[in-house]
Participant: 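Structure incoming, see below.
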Protein chains: 2
Amino acid sequence: MSDTKKIGRPRNFDYDEALVRAMSVFWTKGYDGASVRDLTGAMGIAGPSLYAAFGDKRELYLKTIDHYRDADACAPLVALEAEDDIEKAVRDFLCEVIRSATEHESGAKGCFLASCVVTTVGQVDGVAERVEAAIDDTEKRLAARFDREIGKGTLPPDFPSRERAALLFDLRQGYMFRGRAGWDKERMQKDIAARVRMVLSH
Amino acid sequence: MSDTKKIGRPRNFDYDEALVRAMSVFWTKGYDGASVRDLTGAMGIAGPSLYAAFGDKRELYLKTIDHYRDADACAPLVALEAEDDIEKAVRDFLCEVIRSATEHESGAKGCFLASCVVTTVGQVDGVAERVEAAIDDTEKRLAARFDREIGKGTLPPDFPSRERAALLFDLRQGYMFRGRAGWDKERMQKDIAARVRMVLSH
DNA sequence: TGAATTATGTATCGAACGATATATATTAGG
DNA sequence: CCTAATATATATCGTTCGATACATAATTCA
């Protein structure tokens with residue numbers, strides 16, 4: 001848009017990086033559990049800088065949600081779309097779900113939206129519509145992946161893309177729950193083959 | 001055990017009822033979001049009574065979890081076990097899941113464990129083991145329901161009970177998520193028939 | 001009936017909460 | 001350079017948090 005420099009003293013922190021660090025705090029501690037001091041500490045800035053740059057705690061929270069969505073940070077979805085062979089793609093999706101549900105990047109397990117944000121739906125204004133939009137968007141992208149195969153002829157024309165997209169979505173929710181509860185990767189991987197077959201059966 | 005009355009002034013509130021009310025507060029507001037004042041207000045008692053009867057906030061929280069489990073409060077599971085016809089039973093299970101995910105009893109939607117407690121796993125000591133035990137118990141009961149049908153001959157001997165139990169579990173998680181996000185009952189009910197078929201397919 | 005025991009109600013504790021007032025530092029434009 | 005504009009650092013605001021001290025009420029047991 002404009003590379004004209006703004007007047008006034010410039011920030012000495014990176015906006016997006018601070019946002020990611022804030023997300024990580026919300027992710028691990030929850031909305032209420034994350035204090036402003038926790039946030040400023042992780043973001044490497046002082047209180048007034050947080051309020052000047054992001055508004056208040058709630059607005060910062062909403063901004064982390066939007067950033068998560070915009071950054072296309074859902075690895076399983078990306079994996080499903082990247083692999084051309086649909087069977088491998090579904091398997092990759094499930095493997096990636098299990099990985100993200102068990103491995104913890106910066107202490108945060110699972111999906112930021114599915115495991116963390118969703119719990120604040122009735123509690124923090126602005127969250128509900130974002131979560132609902134995220135579900136719709138995710139399921140549309142999942143269904144589109146199946147439709148792509150129908151176009152290629154790999155799946156029959158009457159393949160129930162939307163139903164199976166919803167199934168993938170729900171399987172993910174289950175894995176996220178198990179991951180949170182401490183299940184290990186190996187235990188979850190046992191059903192992958194059968195589940196791939198189920199998702200693609202017709 | 002003993003109907004001998006205890007010495008000292010008796011309580012003038014019902015222990016279990018207070019526990020249920022506390023659970024409802026945790027359910028709707030989350031662990032951190034539920035203040036001791038919220039809790040005492042809903043329970044109809046004063047602070048010191050709470051601490052005397054239940055310990056501190058965390059111990060009260062753990063007690064609500066145990067009470068939820070002991071009360072067999074998971075309606076879908078009960079519905080699955082109660083119906084003799086396995087096809088109807090699975091359908092009843094899914095219908096009950098959708099109902100509990102969308103209707104709000106005392107403002108709380110979804111499953112207390114699956115939608116609320118799980119988010120405090122890494123945060124509140126004592127929660128992780130309870131959640132893991134709850135998953136194991138639930139999946140065992142789901143699988144046992146299928147095994148019952150194998151015994152009757154309604155399902156083949158090689159029917160993958162454990163796999164399908166896990167599937168039912170994960171479908172539930174998906175519905176709970178959608179319910180939290182504001183999906184309405186009708187939208188979720190569209191896939192029931194196909195899902196019943198999928199769960200019982202062999 | 002008095003001693004022991006337990007619960008209740010009021011009032012409040014120190015700590016942590018979210019948020020901000022104030023003064024200073026750093027930039028662009030005139 | 002001076003002014004306007006924005007960011008920073010320090011210090012702290014009033015509130016709410018989880019948790020308790022204290023005095024009083026209600027019960028059992030001797």
Side-chain angles (χ1 to χ4, degrees), chain A residues 1-19 21-26 28-65 120 123-127, chain B residues 1-19 21-65 119-120 123-127:
Chain A
M1 184 64 177
S2 68
D3 47 1
T4 62
K5 296 188 177 177
K6 291 176 193 168
I7 66 173
R9 178 174 176 173
R11 288 201 183 100
N12 63 1
F13 66 91
D14 184 78
Y15 184 95
D16 284 337
E17 190 184 321
L19 209 46
R21 294 195 188 183
M23 179 183 71
S24 172
V25 175
F26 283 128
T28 51
K29 301 200 165 191
Y31 179 75
D32 286 302
S35 72
V36 171
R37 280 162 182 82
D38 290 334
L39 292 164
T40 54
M43 297 163 85
I45 62 178
S49 295
L50 188 156
Y51 283 87
F54 301 100
D56 60 10
K57 181 182 172 181
R58 180 182 139 272
E59 288 177 58
L60 171 62
Y61 183 59
L62 297 180
K63 284 185 169 70
T64 65
I65 299 174
T120 58
Q123 192 185 158
V124 182
D125 283 345
V127 171
Chain B
M1 183 64 179
S2 69
D3 49 1
T4 63
K5 296 190 178 177
K6 291 176 191 166
I7 67 174
R9 178 175 176 172
R11 290 202 183 98
N12 63 1
F13 67 91
D14 184 76
Y15 184 95
D16 284 338
E17 189 183 322
L19 209 46
R21 294 195 187 183
M23 179 183 72
S24 171
V25 174
F26 283 127
W27 199 331
T28 51
K29 301 201 165 191
Y31 178 75
D32 286 303
S35 71
V36 171
R37 280 163 182 81
D38 289 334
L39 292 164
T40 55
M43 297 163 85
I45 62 178
S49 296
L50 187 157
Y51 283 86
F54 301 100
D56 59 11
K57 180 182 172 180
R58 180 182 139 271
E59 288 177 58
L60 171 62
Y61 183 58
L62 296 180
K63 285 184 169 69
T64 63
I65 298 175
T119 67
T120 58
Q123 192 185 157
V124 182
D125 283 346
V127 171

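Please read these numbers as outputs of a predicted model, since none were measured by experiment. Any value given below was found using the heavy atoms of this structure, including those in side chains, with hydrogens, waters and symmetry copies removed.
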Participant: For a quick test of reading the model: is some side-chain N or O of A/S35 closer than 4.0 Å to OP1 or OP2 of C/dC17?
Facilitator: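 Answer is yes, contact under 4.0 Å.
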Participant: Would you mind checking if B/D125 and B/R58 are paired as a salt bridge, meaning a charged N to carboxylate O distance below 4.0 Å?
Facilitator: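 Here B/R58 does not pair with B/D125 in a salt bridge, since their nearest N and O are not under 4.0 Å apart.
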Participant: Between D/dT6 and A/K6, is there an OP1 or OP2 to side-chain N/O distance shorter than 4.0 Å?
Facilitator: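 For A/K6, the contact criterion (side-chain N or O under 4.0 Å from OP1 or OP2 of D/dT6) is not met.
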Participant: Take atom CG of B/L60 and atom P of D/dA19, then tell me their distance rounded to the nearest Å.
Facilitator: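 Those two atoms, CG and P, are 10 Å apart.
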Participant: When you measure from the side chain of A/S49 to the backbone of A/I45, do you find a donor-acceptor pair of N or O atoms at a distance under 3.5 Å?
Facilitator: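 No, A/S49 side chain to A/I45 backbone: no donor-acceptor pair under 3.5 Å.
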Participant: Tell me: NZ of A/K57 to C1' of C/dA16, nearest whole Å?
Facilitator: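 Spelled out: NZ on A/K57 to C1' on C/dA16 is 12 Å.
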Participant: Kindly give the heavy-atom pair with the smallest separation between A/V25 and A/A42, and that separation in Å.
Facilitator: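 For A/V25 and A/A42, the tightest heavy-atom pair comes out as CG2-CB, 3.4 Å.
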Participant: Look at the side chain of B/R11 against the base of C/dA7 and say whether a donor-acceptor pair falls under 3.5 Å; ignore hydrogens and angles.
Facilitator: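 No, no donor-acceptor pair under 3.5 Å.
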Participant: Where the side chain of A/K57 meets the backbone of A/A34, is there a donor-acceptor pair that is under 3.5 Å apart?
Facilitator: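 Yes, the answer is positive, given that a donor and an acceptor are paired below the 3.5 Å cut-off.
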Participant: When you measure from every atom of DNA chain C, which of residues 38-54 of chain A have a heavy atom less than 4.0 Å away?
Facilitator: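 Hits under 4.0 Å, by residue number: A/P48, A/Y51.
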Participant: B/I7 side chain: which of C/dT5, C/dT8, D/dT8 is closest?
Facilitator: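 Nearest to the side chain of B/I7 among the choices is C/dT5.
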Participant: Using whole Å, what does the distance between atom C1' of nucleotide D/dT20 and atom CG of B/D56 come to?
Facilitator: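 So the CG-C1' distance, B/D56 to D/dT20, works out to 13 Å.
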Participant: Could you state the atom-to-atom distance from CD of A/E59 to P of C/dG18 in whole Å?
Facilitator: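 In whole Å, C/dG18 P lies 15 Å from A/E59 CD.
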Participant: For B/K29 and D/dG18, what is the distance between atoms NZ and P respectively, to the nearest whole Å?
Facilitator: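 Rounded to the whole Å, the gap is 11 Å.
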Participant: Ring-plane angle category for B/Y31 and B/F26, please: parallel below 30°, perpendicular beyond 60°, tilted otherwise.
Facilitator: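 The rings of B/Y31 and B/F26 lie parallel, inter-plane angle below 30°.
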Participant: Output yes when at least one side-chain N/O atom of A/N12 is less than 4.0 Å from OP1 or OP2 of C/dT26, else no.
Facilitator: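 No, because none of the side-chain N or O atoms of A/N12 sits under 4.0 Å from OP1 or OP2 of C/dT26.
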Participant: Output yes when a side-chain donor or acceptor of A/T120 lies under 3.5 Å from a complementary backbone atom of A/Q123, and no otherwise.
Facilitator: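 No; zero donor-acceptor contacts below 3.5 Å.
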Participant: Nearest heavy atom decides the nucleotide; on that basis, is B/R37 or B/P10 closer to the 5' end of DNA chain D?
Facilitator: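 Comparing both residues, the 5'-ward one is B/R37.
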Participant: How long is the line joining CG of B/D32 and C1' of C/dA16, in whole Å?
Facilitator: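 Rounded to whole Å, this separation is 13 Å.
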Participant: I need the A/D32 CG to A/K29 NZ distance, nearest 0.5 Å.
Facilitator: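 Rounded to the nearest 0.5 Å, the CG-NZ separation comes to 13.0 Å.
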Participant: Choose from D/dT6, C/dC17, D/dA26 the nucleotide whose nearest atom is closest to any side-chain atom of A/R9.
Facilitator: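 The closest nucleotide is D/dT6.
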Participant: Take atom CZ of B/F13 and atom P of D/dA26, then tell me their distance rounded to the nearest Å.
Facilitator: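 It works out to 17 Å between those atoms.
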